[in-house]
Amino acid sequence: MIKTQALTFTYESFIKSPGIKGAWHDFFHRQTNTIEALKSNQITINDGEMVGLVGPNGAGKTTFIKLLTGILTPTTGSVIVDDRHPAYREAKYLQKVGILFGQKSQLSWDLPAIDTLNMLAYIYKLPRSRYLKRLNTLVDMLDANQFINQPVRKLSLGQRVRCELICALIHEPKYLFLDEPTLGLDLLTQQHIYKFLRAENRQRHTTILITSHYLKDIEMLSDKLLILVDGKFVYQGNTNQLPVHPSDSDTFECTYLTENGQTKQVQLDAGELNEFMQKTATHNIVNIKRNGSSLEDFIKKLYLEKTNL
Amino acid sequence: MKYLVMGVNGLVTKFTYRSNEITNLITQMLQMTISICMWLSIYYSSGKYTINQMNAHQMIQYLVITNLTAILFSTSPIFRFANQVQSGQLTTTLLRPISIYGEHMAFYIGTQFPYLCINFTLFILLSNHATNALTFILLGYLILAFVMFFSLMLVIGTLSFWLINMWPLRSAINACSLILGGLYFPLSFLGQKTFRWLQFNPFSLVSDVPARVITHKINDLSPYIIAVVIWLLLTMIVYQRLIKIGIKKYEGIGI
């Protein structure tokens, strides 16, 4: 179980004055300001849950993951994962955790991914037969056979992320933290990863916490949702119990042919789309494009809904 | 076993960058050749057989050994650690059940392994001491000095938690290595008073001392072994302290 109580994390940053005059001033009198990245948060995640953590850029998502993995120490309050304090970096705790940072690689850049994996097998003290069985399963599931022996620097982003996932899961962790795992990936690879993570959660009862600023990621993956805005969790609950649905504000861009053969385009909401479909003959519909709402719009809507309740 | 695999990975990585290694070796050899040529011309032009109780043959031996040890005792751990802190890559080590010191040490031994073999072989061949005991003591001393030097480099590397750029330090460390390590001239040439203190500095302990043992200027290594042990303990204590404070400062944000 993951439990945080009155969790706060602050750090110091510098204020840089612009121009040469500012640089000269800063050289002698550097100004600092304290930034509160997380503000007195209290959350609970049960074992085996698939939790989505969303929030706009700079909301504190990565900071939260770093606190859960022990890279950062809480300023005040506490984080308990599996009855341990992550900040102590105990070997027993680290054995149970798997992490993937979409923007940071844990693979040796100059070596093939298999060399890093072989090293991880020794680090996590995996028996040879168990390691090979797990490796084969993961390689097959993620379709990584073709590039597992290629130097990492020669891999595409999608191939690298798949290798990163294998690294994060090779030791069968109880807790899996994924920070923006689908960043920059094509749709097909994203689908592949979603399917794989679902299977991992189902088969091994792995607790998965996935951060993203793509609502689609969370909709596809999580049963529980955490929304973090400006360092504060504004929502925690089941994804299907949200007061507003992420897809509610989707709009549809429809291109169709008029009776005199001209091409026209209209923007419709979900209700109007049904009406449009009934009125327009199918052979006159050229294209229908769905535009999802932005995370910022969704959160704004959620706020409004909560204030109305 | 896990650290052995990390060492092997370090060695394999080293072989990946063949041209870098060859360039590094050529540069070091060139530097050594220039020092030798300079000293030979000094010997010939002065018309003296010995300068500061060293003949030309001993001087060449001395310069070859100090320059060879300079390749073995590399300053690379400073910049590997600093790079990991600045890029946020240290996070990877922090997330694994391994020690930062152990991982860096294993990688350092792995990358320096070919030079360890070359240096040890050459020391055995060059040291024509009457008893084999001193040769073995010298090899033991070098292993201890290797760990001490690595610890010192890691201590300097931990400063990257506070300094944004470590590259201005590179020239200072190179200068220390060249002058205090005796890569241009034996430290004893600086005069007895200065030499008495400088001979126990870490750079001298890893290059000047082995060179003086080979050229028969030192027959008793015990004061130097004590000096290495003191430096080792000191660097380990400072490292433990700095890493503890530094990790708290580390935000894992990278470029």
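Order of the sequence lines sets the chain letters (A, B, ...), proteins ahead of strands, with each chain counted from 1.
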A:Ile20, CD1: over 12 other non-hydrogen atoms inside 6.0 angstrom: no
Heavy atoms, side chains only, cut-off 4.5 Å: are B:Lys2 and A:Met119 in contact? no
Measuring from atom CH2 of A:Trp109 to atom OG1 of B:Thr13, what distance do you get when rounded to the nearest 0.5 angstrom? 13.5 Å
NZ (A:Lys3) with more than 12 external heavy atoms under 6.0 Å: no
If every non-hydrogen atom of B:Arg96 is compared with every non-hydrogen atom of A:Ile123, which pair is closest and at what distance? CD-CD1, 4.1 Å
Output for pair (A:Thr116 OG1, B:Asn9 CG), nearest 0.5 Å, gives 6.5 Å
More than 12 heavy atoms of other residues, nucleotides or ligands under 6.0 Å from CZ of B:Arg170: is that the case? no
Do other residues, nucleotides or ligands put more than 12 heavy atoms under 6.0 Å from B:Phe200 CZ? yes
Please flag which part of A:Tyr124 lies under 4.5 Å from any non-hydrogen atom of chain B: side chain, backbone, both or neither. side chain
Exam field: side chain A:Gln106 to backbone B:Leu95, donor-acceptor pair closer than 3.5 Å: no
Near B:Arg241 CZ, under 6.0 Å, is it more than 12 heavy atoms from other residues, nucleotides or ligands? no
Judged by atom type as modelled, is there a donor-acceptor pair below 3.5 Å linking the side chain of A:Arg89 to the main-chain atoms of B:Leu94? yes
Heavy atoms from other residues, nucleotides or ligands near CZ of A:Phe196 exceed 12 (cutoff 6.0 Å): yes
